[in-house]
Amino acid sequence: NSKHSLLLLASILLLGLSCKDKPTEKTNEVDAPSKNPNIVVIYLDDLGYGDISSYGGTGLQTPNIDALATEGIKFTNGYASSATCTPSRYALLTGMYPWRNKDAKILPGTAPLLISTEQQTLPKMLKKQGYQTAIVGKWHLGLGSGIINWNERVSPGPNEVGFEESYILAATQDRVPTVYIENGNVVGLDPKDPISVDYKNNFKGEPTAITNPEMVKMKWHHGHNNSIVNGIPRIGFMKGGDSAKWSDIDIADTFLDKAQTYVKEHKDKPFFLYYAMNQPHVPRTPNPRFVGKSGMGPRGDVILEADWCIGEFMKTLEEEGILDNTLVIFSSDNGPVLNDGYYDDAVEKLGNHDPNGGLRGGKYSLFEAGTRIPLITYWKGKIQPAESNAIVCQMDLLASLADLVGTKDNTTDSQDLMDVFLGKSKTGRDNLIIEATSRTALRSGDWLMIPPYKGVNYEEEVGIEVGSFPEFYLYNLKDDVAQQNNLATSNPKKLAEMIHEFETLKGK
Ligand code: NG6
Ligand code: CA
């Protein structure tokens, strides 16, 4: 027994000693960021500010995205440059305001490459600094330089603007060609069944949603009545390429698998992976594992599917031992839309869920819900969890990441906000020009000014106010984030300042 008490005494002593040796609690401290972490951009498609629980979403539980938000920096004034896909992706990858390029609009699947092969891009910049670079997922920035022959290598494309490896869908899930393209080549193509694509005319004898409605399994609401693939009518006409057509319900798993494989095969040297997921864009085709899981219909189900994929992807980073050496940036290309052209119960089954998170407008809109999106930076052990209300735009990643990896970019509209993205500063942009369907508006400080535009404000088909009025609109977002009080007439001085700033920035 005395032996026992001796042991006890010894352990108490040891404990005391080790306590003394221990440095004071360090819970709030993080290590200095290393220079060449892996960089992953996880980019969703049409995910709204209020779609995830950590941003106040009530109808859906998104634990994996929430983990990034609560253990990283959750930006509450994070912006896509635009309220639609192509221009936002253009800004993300080139660091340029998309309104400088008149062709930066929603592109058909046959559009030529929107980014010049001479242009600065995020992957090019990183590649120059020794990074391996890849894109997996949705491209939607055009391919080729004229008429595309889908049966040969399609170029220029992602591989010609900085991505060493690419596994993409060309445009959107609702646009033809409905095939994957790997490093320029259509995956699984049978040369005896060549692909033809046309956005104007159908191919003789090919069924469409109009000629053969009995073949349609997902009913179209507006647009989306051309070629039918897997029972889903699409935008554009396509003939041939049967063996290459993707299975819609497997797209999420396919991209996840490609992203995970890329990580496993490239973890020994720094890499940049642009993981561009297609949820919750239409057509919403959850894998059967997720059907019915949200109670909100396919739109909710694919958000849960995306969240699951992100969880699996993060597990891979951890299992491969590179989680604390990987900066993960999560965001969405534009705000939410419920009915974007198919009857899929998104409106009917919404319940109390508010994809807008209290913001006005939605996809296509100059109101806040169009461009203000969830934006999270996560870096285990290097970023201290916080919420930041700094104004930041996805366009700023180019100059910011350049800074992180030890170079500079001052040739673009991108601003170096690396300290903001790492949580060391809360001073973001002074101003930002946002864009929606080729119209622009100015955010400056707490203020938002929408100039007059022709056209209707409320777009019936999608059920969204897009922000087109015959007069100026001015909001103080600090007091009125929901944009209910137009101050244009009551505050003419501020309005004049905003107009002046807007015109100066746009170079008018
Ligand atoms: C619109 C489509 C919409 C969606 C959008 C692009 C119609 C009527 N609507 O033209 O369904 O595909 O383009 O979305 O065709 S984005 O997120 O890629 O910008
Ligand atoms: Ca989109």
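Both ligands and their constituent atoms are indexed starting at 1 by order of listing.
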Next item on the list: Carefully, step by step, assess Thr133 and Tyr274 under the rule side-chain contact (heavy atoms from CB on, under 4.5 Å).
Entry: CA-CA 8 Å; Thr133 58; Tyr274 173 34; over 6 Å; no
Margin query: Between Asn64 and Asp307, do the side chains contain a donor N or O and an acceptor N or O under 3.5 Å apart?
Written below: yes
Notebook entry, point to check: Within the side chain of Thr371, is there an N or O that forms a donor-acceptor pair under 3.5 Å with the backbone of Tyr79?
Noted result: no
Note to self: Below the 3.5 angstrom mark, is there an N/O of Thr172, backbone or side chain, next to an N/O of ligand 1?
What the structure shows: no
Check: Would you say Asn334 has an N, O or S atom lying under 3.0 Å from the Ca ion (ligand 2)?
Finding: yes
Check: Which one holds for Lys138 and ligand 1: side chain close, backbone close, both close, or neither close, with close meaning a heavy atom under 4.0 Å?
Finding: side chain
Margin query: Can you report which non-hydrogen protein atom sits closest to atom 16 (S) of ligand 1, along with the distance?
Written below: Cys85 CB, 3.1 Å
Note to self: If the contact criterion is a heavy-atom separation under 4.0 Å, does Glu461 count as touching ligand 1?
What the structure shows: no
Next item on the list: Would you kindly say whether Glu368 and Tyr49 are connected by a side-chain donor-acceptor distance under 3.5 Å?
Entry: no
Checklist line | Reference residue Glu435; test side chain to side chain donor-acceptor pair (under 3.5 Å); the match among Ser81, Ser82, Ser88 | finding: Ser82
Check: Do we see a donor-acceptor contact under 3.5 Å between the side chains of Asn356 and Asp354?
Finding: no
Margin query: Counting only heavy atoms, tell me which of Asn334, Asp46, Asp174 gets closest to atom 12 (O) of ligand 1.
Written below: Asp174
Notebook entry, point to check: To which protein heavy atom is atom 10 (O) of ligand 1 closest, and what is the distance rounded to 0.1 Å?
Noted result: Arg175 NH2, 3.3 Å
Check: What part of Tyr342, side chain, backbone, both or neither, has a heavy atom within less than 4.0 angstrom of ligand 1?
Finding: neither
